[in-house]
Amino acid sequence: KSVISENFNGTERAVAVTGGFAFTAEEGSLEDGAIRIYDVSDPLKVRDLRTQKIYDASGIDFTDLVLMGDNYLIALTPLRAGGEDYDVTVLDRRDPNNLVNLKRIPIPQIDAFRGYAVGNTLYVAGRDGGVAVIDLTNVNAPVVQVFNTQGIARGVDVAGTLAVIADGSTGLTFLDTTNLNNLTLAGSQNVGGTVWDVVLHRGSIYAANEQGIAYILNAAVPPMVDA
């Protein structure tokens, strides 16, 4: 295996890769929601193409970038600028030379941190505010539901109608998403420590905490296809 590290004089907080391009969330003194675009079609010759400022406001760094379908890049941030929420930003990514800001979705109850997309539905871990589930079938008229978990939600993964939340000292919180308009608590599991992120993989659950990694083998979740 080859490990290649490129230094383009930036600090990146999140990355999403698709179609020969990598999009990264740039952290820096400008704090204007900047996204950096790289050509990664040849992994041995990565090219820094450009950086695009998404907002004129200062005080915004994106903490996660999520791909949705063939068209969208979703940018998340818990930060506020000028007293306004910038939790979720939906970008049209089809032209890497001109990302188009389609919709800003403020969600006052949460502070968006990480997300996960399934079809037209975006699941957002919102720290102290719990989890937001957003139906983006119509980007211009998003439907938002919020479920306040017991812990501090910092990560989320989904299998079928079950969402698993990395819920801080609570451990893992399980939500039944059969009815997106009526999210219900399916249970919780303490795995030790403070859980920061979670991944479902081939029927097992893996959780990252300050003690290392905790895992639940052969978890009772729908089977997943590992692409």
Side-chain angles (χ1 to χ4, degrees), residues 1-28 30-55 60-79 86-105 112-126 132 134 136 139 154-159 163-166 196-202 204-208 213 224-227:
K1 296 182 179 179
S2 299
V3 177
I4 302 171
S5 179
E6 297 281 4
N7 185 355
F8 291 105
N9 296 318
T11 301
E12 322 296 329
R13 298 188 65 172
V15 61
V17 180
T18 183
F21 297 96
F23 303 89
T24 63
E26 181 88 354
E27 180 187 49
L30 294 178
E31 293 184 323
D32 50 15
I35 292 179
R36 203 164 185 173
I37 301 101
Y38 299 88
D39 180 344
V40 296
S41 55
D42 182 350
L44 297 178
K45 297 180 180 178
V46 173
R47 294 189 300 128
D48 180 10
L49 297 180
R50 56 188 293 270
T51 299
Q52 181 171 332
K53 179 179 177 179
I54 303 302
Y55 290 110
I60 301 170
D61 281 332
F62 295 124
T63 54
D64 201 9
L65 298 175
V66 181
L67 299 171
M68 176 176 275
D70 296 327
N71 299 339
Y72 303 136
L73 178 68
I74 313 294
L76 307 177
T77 181
L79 302 178
Y86 289 79
D87 292 284
V88 177
T89 300
V90 182
L91 304 167
D92 185 330
R93 70 169 195 266
R94 286 176 291 181
D95 181 2
N97 292 309
N98 182 32
L99 302 178
V100 179
N101 189 343
L102 298 177
K103 187 72 174 179
R104 174 169 67 92
I105 306 173
F113 189 63
R114 289 196 184 103
Y116 188 89
V118 180
N120 294 320
T121 303
L122 178 68
Y123 298 80
V124 180
I134 308 172
L136 288 168
V139 170
R154 294 190 178 96
V156 57
D157 203 347
V158 179
V164 184
I165 315 302
W196 282 78
D197 203 4
V198 62
V199 171
L200 306 179
H201 180 69
R202 294 183 176 179
S204 296
I205 303 173
Y206 298 85
I213 186 170
M224 299 186 67
V225 177
D226 184 15

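In this chain, numbering begins with 1 at the start of the sequence shown.
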Colleague: Are more than 12 heavy atoms from other residues, nucleotides or ligands located less than 6.0 Å from atom CG of Asp70?
Modeller: no
Colleague: Dump the intermediate steps for side-chain contact (heavy atoms from CB on, under 4.5 Å) on Tyr55 and Asn101, then the final yes or no.
Modeller: CA-CA 9 Å; Tyr55 290 110; Asn101 189 343; 3.4 Å; yes
Colleague: Can you name the closest pair of heavy atoms from Leu200 and Asp157 and give their distance?
Modeller: N-OD2, 2.8 Å
Colleague: Do you know the tightest heavy-atom contact between Val156 and Ala125?
Modeller: CG1-N, 4.1 Å
Colleague: Starting at CE of Met68, measure out to OG1 of Thr121 and round the result to the nearest 0.5 Å.
Modeller: 6.5 Å
Colleague: Of the non-hydrogen atoms in Phe21 and Leu49, which two are nearest, and what is the gap between them?
Modeller: CE2-CD1, 3.7 Å
Colleague: Look at the side chain of Asp87 and the backbone N and O of Ala112, then say whether any donor-acceptor pair between them is shorter than 3.5 Å.
Modeller: yes
Colleague: Between Thr24 and Tyr38, what is the shortest heavy-atom contact and its length?
Modeller: OG1-CE1, 3.5 Å
Colleague: Does any N or O in the side chain of Thr77 come within less than 3.5 Å of the main-chain N or O of Asp61, such that one atom is a donor and the other an acceptor?
Modeller: yes
Colleague: Taking the cut-offs as 6.0 angstrom to the six-membered ring centre and 45 degrees off its axis, would you call Arg104 and Tyr86 a cation-pi pair?
Modeller: yes
Colleague: Rounded to the nearest 0.5 Å, what separation is found between the CG atom of Leu99 and the CD1 atom of Ile37?
Modeller: 4.5 Å
Colleague: Tell me which one of Val90, Asn120, Leu122 satisfies side chain to side chain contact (heavy atoms under 4.5 Å, CB included) with Tyr72.
Modeller: Val90
Colleague: Would you confirm whether Asp64, through its side chain, and Gly115, through its main-chain N or O, come within 3.5 Å as a donor-acceptor pair?
Modeller: yes
Colleague: Between Arg50 (side chain only) and Pro96 (backbone N and O only), is there a donor and an acceptor less than 3.5 Å apart?
Modeller: yes
Colleague: To the nearest 0.5 Å, what is the distance between CG (Asn98) and CG (Asp92)?
Modeller: 9.0 Å
Colleague: Which distance, rounded to the nearest 0.5 Å, do you find between the CZ of Arg47 and the CG of Asp39?
Modeller: 4.5 Å
Colleague: Considering all heavy atoms of both residues, which atom of Phe62 and which atom of Thr89 are nearest to each other, and what is their separation?
Modeller: CE2-OG1, 4.1 Å
Colleague: Check whether Glu26 reaches the backbone of Thr51 with its side chain - one donor and one acceptor, N or O, closer than 3.5 Å.
Modeller: no
Colleague: Take Leu91 and Ile35 through the side-chain contact (heavy atoms from CB on, under 4.5 Å) test and state the conclusion after the steps.
Modeller: CA-CA 11 Å; Leu91 304 167; Ile35 292 179; 3.4 Å; yes
Colleague: Determine whether Val124 and Ile74 satisfy the following criterion, side-chain contact (heavy atoms from CB on, under 4.5 Å), listing intermediate values before the conclusion.
Modeller: CA-CA 11 Å; Val124 180; Ile74 313 294; over 6 Å; no
Colleague: Looking at every heavy atom in both Trp196 and Arg154, which two are closest together, and how far apart are they?
Modeller: CE3-CD, 3.1 Å
Colleague: Checking the side chain of Arg93 only, and the main-chain atoms of Leu67 only, is there a donor and an acceptor separated by less than 3.5 Å?
Modeller: no
